[in-house]
Each structure stands twice: as C-alpha cells, then as structure tokens.
A.B. asks: 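My structure is below; once you've seen it, I'll send some questions.
Both counts, for ligands and for their atoms, begin at 1 and track the order of listing. No experiment lies behind these values; they were computed from the predicted model shown.
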Amino acid sequence: MFSPSANIAQLRESATIAVSQRARALKAAGRHIIDLGAGEPDFDTPEFIRVAAQRAIDAGATRYTAMEGILPLREAIAAEANESWTGTDRVTAGEVVVSTGSKQSLFNSCFALFGSGDEVLIPTPSWTSYYEMVALSKATVVAVMGDPAVGFKVTAAMLAAHATARTRGLMLNSPSNPTGSVYSADELRAVLTLAAERGWWVISDEIYRRIVYGAPAASAFDVSPTRDNLVVVNGVAKAYAMTGWRIGWTISPAPLAKAMTALQSHTTSNAAAVSQHAALAALTMRAEADVAIASMVAQFAKRRDAAIAILHQDPRIEVLRPDGAFYLYIRAPGAGTVADAGTVFATQLLEKADVAVVPGSAFLTPDWVRVSYAAEQSQVEEAMRRIVTAYGA
Ligand SMILES: Cc1ncc(COP(=O)(O)O)c(C=O)c1O
C-alpha cells in the first residue's frame, strides 16, 4: 500500500493540469469542450525554429550536453539579459543554467535557496506551482494578498508589512499568471530596491514578458539596483509557442548557478539537446522571432478585446483587463457569499456549459476563475457567451 513520504505529503495536484485532464476526458466521451484551462499558446512553433531543430538533429544534436546547457545558447541568453542589465558586472554564460522548462528552473531556484525556517513572500494570486515549490523546499509560504482594484499587484509597503526576520525570498511574476497584470518599471524598482535593502532573494519569473499589449514589460534587470540576490527566470514556452520543447533557464550569481547545475545533474541532467538548439534559433534569429511574436501577440490582443467586450454585456461581471500574458481573471458569481465560488462556477461551466476554466482557489483566491484566451478566436468568443449565460443562471 502506497503512503506518500513526508516530502510530498502536503503536495496538491496542479489544478490547472487537473482541469485539462477532466476536459480531455469529457472530450474523449464525445463532448465538445472549449478548453480555456491550459496556459498554452494554441499556435504552432514558428517554422524557422522547427527547421533549425530538424537541422540540429541531422547534425548530431542527439546526445547529452553540458549539464548547464550548450554554450551558444547560454551566451545568447546572457546577451539578451545584457540588453536590460547595464551594470559593469555584465551577465556571462557562466551565470546561466538551461533547464527542462522554466518550471524546472523555478524549482531549482527554490530548492537551492530556501529551506526549513525560511519564509518566502508570494504576491497573491500567483501561479499555483510557486506555492508548491516553496513548500517542497520546506520553507513557509507567506501569501501577500494583492488589491483587485489594481489588478492584484502588491507594493513594496505591502511586502514590508509581511516581512519578518525569517524572510528569505520573494517570488515575482510580471506579466502575471493568473491576472495578466504588468508591474510598471517604477513599481518593480520599488519592490526590488526593498528586497536589495533587506537582502532577500528575488526570483523574477519573466516567462510572459514578451506577451504584452501596451508598453514593453520591464525586466528585473532593467530596474534592480543589484543582481547579487537576483534570479531571473525565463524560457521559450509562451512567447515562442514552444511549450512542448521544454526549455527554460535561470540567470543568477555564478555560485548559485553552479549549485543548481549540480542539483539538476542528479535529477534531470541536461535539457533535451535538440530543444536547446531550437531555443538557440528562437533567441538568435531575431528578425524572424520578432515577426512571429508580434503576430501572435496581435492575435492574443484581438481575442482579449473581443472577450472583454462580450463579458461587459453583463455589467455585473467583474473582469480584470490584462496588460500581458493571455488570461482573464473573472470574479465568480456569488463571490463573497458562496464558499469557494470560483470552484462552484468552474464546475458549472465545465459540466453544464462545456467550457473548461481554472478555479481561483488554485491561486489562493477562491472567489475568482482564470480563463485562458490562448485558443482560436471563435472558440474564445463562444466560450465568453456561455460564461455570460452561466453567470446569469
Ligand atoms: C508563471 C509561469 N511560470 C512558469 C511556467 C512554466 O513554463 P515552462 O513551460 O517554461 O515550464 C508557467 C506555465 O504555465 C507559468 O504560467
């Protein structure tokens, strides 16, 4: 009889993946589910990247690589970081660790930095896995609830109010999953300046940075006074429509990079060789990449606007207007009176309206649901009409 070890006794299944699985099961049973649960672009990986990968396979990219990733990719990542970081301590390839998706990069970072007795500040709502990764590292999650009036963003003062002598780190994510909120350069600078003053480690997850609908989103490297205690995490999954290739990375001080390389040398080894070459093409074939990203972002923007216009047909529906990423955060009907209103609404939408969304409890905000608009426009629009109908039901 299996009983979980103490390591995973508290682990919760990823709610976002659970929704996708349930949606898939209903589809297999013949239902026409519109799946707006997954955080995955519906586009194919751009052709220039696929071609580069095919060439790389033929050229022999089929073997183990250096545990921390191939040098040209790490150099390309460092070069990109140096477009934001202007300090004299230029970012070097030795500070980059390539992993099997930014999810692994985030886990490596938490596991290498945090431990028993440490507290980690997590602006809330945040992506579901941050809470689990911090807990798996034996550290204590300190959720800092944002204000929905400003897209749930937190301020330096709010973080300071939750800090104790045990505070060891802070998770940041701009643009944010699940809210789509984007911190301005000044907002981000204030938070990073506080973190630097207090000596907190900052893990800045910038996976959605290139998916923005207005001004470019600031990187922590654009505004941080130092990068002594800074880990910037990024990857190719979202902006380049490369979720299945599984490539992410950290940029951190070299001793931490070395520790994370050792950690993954005992767990996953290197990220897939061919995927690293695909990511290299994505990062270095700039003109092609810019065109591809601009086209995808333009389509996300159209869907966002169409979706919000439909939702606004019912003035009772409260929805955050996202400036980045590809999620709508919607306050569920009955919020404030019904317990876990988001789960009730998500269940109703899936079982009765054939629309899959993620309950906000996955992001520690049970009154809300997250709706991805990374799906074909007509599907997004149809789903929004069903949401409006279900909202009034
Ligand atoms: C905020 C955030 N960070 C990281 C990831 C993981 O991305 P990857 O596919 O690079 O592991 C996701 C995926 O949903 C995400 O939403």
A.B. asks: Could you tell me which residues satisfy salt bridge (Lys or Arg N to Asp or Glu O under 4.0 Å) with Arg198, sequence neighbours excluded, listed by chain and number?
C.D. replies: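 Salt bridge (Lys or Arg N to Asp or Glu O under 4.0 Å) list for Arg198, sorted by chain: empty.
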A.B. asks: Write down the atom of Ile203, the atom of Val233, and the distance for their closest heavy-atom approach.
C.D. replies: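 For Ile203 versus Val233, the nearest heavy atoms are CG2-CG2, 3.9 Å.
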A.B. asks: Might you list the protein residues in contact with ligand 1, defined as having a heavy atom under 4.0 Å from one of its atoms, sorted by chain and number?
C.D. replies: Gly101, Ser102, Lys103, Leu106, Trp127, Tyr130, Asn173, Asn177, Asp205, Ile207, Tyr208, Ala237, Lys238, Arg246
A.B. asks: Is there a path from Phe345 to Val357 through hydrophobic residues (I, L, V, M, F, W, Y) whose side chains come within less than 4.5 Å of each other?
C.D. replies: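 Yes.
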A.B. asks: Of the options Phe363, Trp127, Phe152, Tyr208, which is the one that meets Tyr327 in a ring pair (Phe, Tyr, Trp, His ring centres under 6.0 Å)?
C.D. replies: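 Result for ring pair (Phe, Tyr, Trp, His ring centres under 6.0 Å) with Tyr327: Tyr208.
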A.B. asks: State whether Arg22 and Asp35 are salt-bridged, where the test is any N-O pair (Lys NZ or Arg NE/NH1/NH2 against Asp/Glu carboxylate O) under 4.0 Å.
C.D. replies: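 Result for this pair is no, no salt bridge flagged.
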A.B. asks: Tell me which one of Lys258, Arg90, Arg74, Arg227 satisfies salt bridge (Lys or Arg N to Asp or Glu O under 4.0 Å) with Glu95.
C.D. replies: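 Only one option passes, and that is Arg227.
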